[in-house]
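Notes to accompany the following structure.
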Amino acid sequence: MSLSTKAVAAVAAAALTLGLCAAPARAAYEHPFRDPSLPLSQRVDDLLGRLTRAEKISWLHQYQPAVERLGIGLFKTGTEALHGVAWSTDIDDGGNVVTAKGTVFPQAVGLASTWDPALIKKVGTAVGEEARGYHSENPRVWGLQLWAPVVNLLRDPRWGRNEEGYSEDPLLTGAISTAYGSGIQGDDPDHLRAAPVLKHFMANNNEIRRDTTSSSLRPRVLNEYEIPAFRTALEAGAATGVMTAYNLVNGRPATVTDLTSTVDTWSDRRLFNVSDAGGPNNLVGSQRYFATRAEAAAAIVKAGVSSFTVDNTDGAPTAAAVGEALAQGLLTEADLDEAVRDILHIRFRLGEFDPDGGPYGKITKEVVDSPAHRALARRTAAEAAVLLKNSSAALPISPGKKVAVVGPLADTLYTDWYSGSLPYRVTPLDGIRKRAASTVSAEGVDRIALKSGGRYLTAGTGAGADLRLSSTTAGATEQFDVFDWGQGVVTLRSVANGRYVSRANWSTLVNSQEQPTGWFVQEQFKLEAQADGTTLLRYAGYETAQDWFGPNVYVKAAADGTLSLSVAADATRFETETVRSGVDEAVAAAKKADVAVVVVGSMPFINGREDHDRTDLGLAEGQRELVEAVHAANPNTVVILENSYPTTIDALQRKVPAILWTTHAGAETGHALADLLYGDANPAGRLTQTWPKESTPLPDILDYDIIKTRATYLYSTADPLYAFGHGLSYTTFGYQGLKVVPRGDGHEVSVRVTNTGTRAGDEVVQLYTHQHASRVEQPVKQLRGFQRVHLAPGQTRTVTFPLRTADLALWDVTRGRFAVETSTHDVMVGSSSERIRQRATVRVTGERIGARDLTRVTRAADFDDHSGAELVDETKVRGDAVAASAGEWISFEDVDSGSGVTGVRLGVAATAASSVEVRLGSPTGTLAGTVPVTATGGVYSWATAQAPVQGVRGRQDVYLVLKGGLRIRDVTFTR
């Protein structure tokens, strides 16, 4: 249809009028990619087209070099920002670590213990702002792609990196990671304040042999437990990619586990995924998965990883490997372009190519450690603390009381591997001093001197000097405070300068460190008592596990007093003189006070951290004895437990009246603790993990099958010391009127919660469900929602939760998809997983999962149950298979064979001749047939093995009992 002449004239006049008052013409840009008014895809395409192949290849390394001809600077991936901006590496200083000195929030497990996503988004916002502040000062060091948060589930409390994760529950983990990530990113729809990356995809919950162990994930554990922890934040648009883990998943290194058909599909935005440090080299090194770096590079890129974190600052080996992969046809130019597109999408969203740096480009270093961030850190540390016990109203402490503040953590604050340094320190003692009428204090650690042959072990003053056997008298330079961290490991702090004894130049000892620290923690020792009453001083640093020293780990003094390491037989035998008893000092202080506050816990660089798991969960024996002695001296004893993992404190739980748990919570720790101890803040943190009792056996740390091992609160029937979700308050709460009504695509759950006490406080209302009838083992209970609500005394609030029917689905291995079964569900609301206050039942209409039909090709990995079976890689690209040792088995339950089948066909790969038994009813049940398997030529050489079977008819459970040395890909019954 055409316009009339009159209409055309009107349009022309309007256009002229608009032109007279329009804004000035758009600024001219040298290249379209610099024009922020253009669509993102157009800008990306323009810049991609201007890069040479060599430039594109070079950008696949962590340090993406500058392209000066286009005015593009260096881009560095990976600033650590787990609970505040922590550290980065400096390309201009050989890749050495540069540590931030800004706001340090509570450790990640503490952030999650707030159960307060709104607060954690504010924390993420502060972290993103400080990342921008550091970036404005030196973008070559402080990149804006932040390697945080860690969303690996805290399946096993012995994990050395427990402090880095959020929870053993995927829903809580997803909620907290979404809050933290969205805060980091900011709310601008087109730009990023900073770019959070989720670590470590996936099933990374052990440090022992972390680069060679395989996490075996049966489909239900994978889809119901592991994946949701990552998927939630990505689907919410609160993360910009993942970092692949060191471990293998079902036999395939996570570095080359396909992200393109999984992770990349969970976000509406293009993602920029990275490898963990050194991961690419592991593929040809410790994992021996590929023969050449070119093969490995091709697999990495095709898997959806676009940045190689490897070889420190040197990108040349990566460029050579990728170039060779292209030359050999293992990669195409299109593969390379796709990887660079991932990179560019994030760099553009960070505002790098906008003339003003985008909406976040004007943030400066002034935001770092600002008063607002200090206040937020104090509030967060208070919200994160969990009141484990409070009998006889021991807390809060009444004004006017004299308080003894004792213990090895009473007047110190520790940082960890993934935190920045503290710009100031408010210790527990500092915080309490500001509130108490008067205080007395004592660290409660022994002070000793070590003597041999009439001479004492002597330290230097100032910044420290080599220790030597020297002085004949025991002054300050000959005295050391002994801190007990458990299992015999101690640190020695020199009285001469207040610094810890460490290894120097890999040979002698020196009192030089402000706290134990570093990748190799060289400040660890053991004082080994000998039968003759003397003591050997054993160096117990982490690097001794590398076998660099062999038996040469004992301190030996030469005739001139210089020290070295030798074998036990040649070591110097010391007489130990106790200058001061830590327990006696603490008891004396406790007796002088109305209340004793004992601060005990962990040293983050010693009690488990990256590359080291714990072997037990106990509090250090010396610290436990200290608490018991103080309590015996003063029954009004409050224990502050400062660590980052569940601890078996059964005896203390029975004895002391009050226990308050906190993570290492940053510079504001002392203020936050004082706020809680004196009632200015009402504790409302909740545990994000089950705390087991001492007597509870834990499964193998390498066994990821939480269903089979009955691990976590989801499946465990053991009585815990403290349940998932546990935490007390200074007030009380009542629950009334639980309602579950149909609403939309599910139900609406509502309950009235009333503050029945005399103090205002927060209650964390938790919603759980349990499915009654099911084809499979169901969780004992499962978290479906939570809200942290503030209530004044007497106030009532109706708390409402949506409960979608789809959220009640399980992974149906018979069809490889989620399914909602028709069943009755318990709906439970309470203050922890153990303290359910209201419950109801609801009938959910879904479907009935039918009997299995093994006449269809069935993946072996889709078994129902197993004994010792391990999921392995079908090929190096994709697919899972099953391997098992002799006598181990997999089962398929409720198999309907109708009138009967006569044969069985298996997809197998074997390195030697073996066999598989088909048994009915149990692994030792009726033998229906034996399938002989001949060697196929390797674990990736698949063939068919078959045999006749008899007695397989009707509905029964079928077991495949492996005789070892083979893999099974699929099983099919034939007629």
Side-chain angles (χ1 to χ4, degrees), residues 30-31 33-34 36 43-44 47 51 55-56 58-82 84-103 124-148 184-186 188 190-197 240-241 243 272 274 277 306-309 312-315 340 342-370 373 420-421:
E30 182 180 3
H31 302 299
F33 76 83
R34 295 284 186 186
R43 299 177 74 190
V44 168
L47 179 50
L51 296 174
E55 288 165 346
K56 288 186 286 188
S58 72
W59 278 14
L60 298 188
H61 188 260
Q62 177 187 10
Y63 285 95
Q64 299 170 23
V67 181
E68 293 181 3
R69 63 185 182 82
L70 295 175
I72 296 173
L74 171 82
F75 182 90
K76 178 197 174 293
T77 67
T79 294
E80 299 291 356
L82 185 59
V85 180
W87 52 266
S88 189
T89 52
D90 187 355
I91 192 172
D92 299 315
D93 187 29
N96 285 328
V97 168
V98 180
T99 303
K101 195 171 186 177
T103 309
T125 298
V127 174
E129 289 174 348
E130 296 204 2
R132 276 281 177 176
Y134 279 106
H135 179 77
S136 71
E137 183 180 63
N138 189 343
R140 292 175 64 81
V141 171
W142 302 104
L144 291 174
Q145 188 199 53
L146 307 187
W147 287 349
I184 286 173
Q185 289 186 176
D188 188 279
D190 301 314
H191 290 83
L192 299 165
R193 182 185 288 116
V197 171
T240 61
M243 172 187 282
F272 177 19
V274 304
S306 301
S307 183
F308 291 54
T309 312
N312 200 359
T313 63
D314 186 5
V340 177
D342 293 339
I343 297 167
L344 288 176
H345 270 258
I346 299 305
R347 291 182 67 168
F348 272 103
R349 291 179 64 198
L350 286 168
E352 178 182 352
F353 305 117
D354 291 359
D356 60 354
Y360 302 111
K362 294 181 174 60
I363 297 175
T364 69
K365 187 76 178 295
E366 292 179 357
V367 301
V368 175
D369 189 34
S370 67
H373 290 179
S421 62

Roughly how far apart are [X] [atom1] and [Y] [atom2], rounded to 0.5 Å?
| X | Y | atom1 | atom2 | answer |
| --- | --- | --- | --- | --- |
| Leu344 | Phe272 | CG | CZ | 9.5 Å |
| Leu51 | Phe33 | CG | CZ | 8.0 Å |
| Gln185 | Leu146 | CD | CG | 10.0 Å |
| Leu144 | Thr77 | CG | OG1 | 11.5 Å |
| Ser88 | Arg140 | OG | CZ | 12.0 Å |
| Thr99 | Trp87 | OG1 | CH2 | 8.5 Å |

Do [X] and [Y] have side chains that approach each other closer than 4.5 Å (heavy atoms only, starting at C-beta)?
| X | Y | value |
| --- | --- | --- |
| Lys76 | Ile91 | no |
| Arg34 | Pro355 | no |
| Asp369 | Lys101 | no |
| Tyr134 | Lys365 | yes |
| His191 | Asp354 | yes |
| Phe75 | Pro65 | no |
| Trp142 | Val98 | yes |
| Ile343 | Leu60 | yes |

Evaluate the criterion side-chain contact (heavy atoms from CB on, under 4.5 Å) for residue pair Asp90 and Val141; output intermediate values, then yes/no. CA-CA 5 Å; Asp90 187 355; Val141 171; 3.6 Å; yes

Please report the closest heavy-atom contact between [X] and [Y], naming both atoms and the distance.
| X | Y | answer |
| --- | --- | --- |
| Thr364 | Ser136 | CA-OG, 3.6 Å |
| Gly143 | Thr79 | O-OG1, 2.8 Å |
| Trp59 | Gln64 | O-CG, 3.2 Å |
| Asp188 | Tyr360 | N-OH, 3.3 Å |
| Ile184 | Arg193 | O-CB, 3.1 Å |
| Ile72 | Arg347 | CG2-NH2, 3.3 Å |

If only atom types and distance count, is the side chain of [X] paired as donor or acceptor with the main-chain N or O of [Y] below 3.5 Å?
| X | Y | answer |
| --- | --- | --- |
| Glu130 | Thr103 | yes |
| Asn312 | Gly94 | yes |
| Asp356 | Gly358 | yes |
| Arg43 | Phe353 | yes |
| His345 | Val44 | no |
| Thr240 | Pro196 | yes |

Run the side-chain contact (heavy atoms from CB on, under 4.5 Å) check on His373 and Val368 step by step: do they pass? CA-CA 8 Å; His373 290 179; Val368 175; over 6 Å; no

Quick one: do Val274 and Gln62 satisfy side-chain contact (heavy atoms from CB on, under 4.5 Å)? Show the steps, please. CA-CA 8 Å; Val274 304; Gln62 177 187 10; over 6 Å; no

Between Ile346 and Leu192, does the side-chain contact (heavy atoms from CB on, under 4.5 Å) criterion hold? Intermediate values first, please. CA-CA 8 Å; Ile346 299 305; Leu192 299 165; 4.3 Å; yes

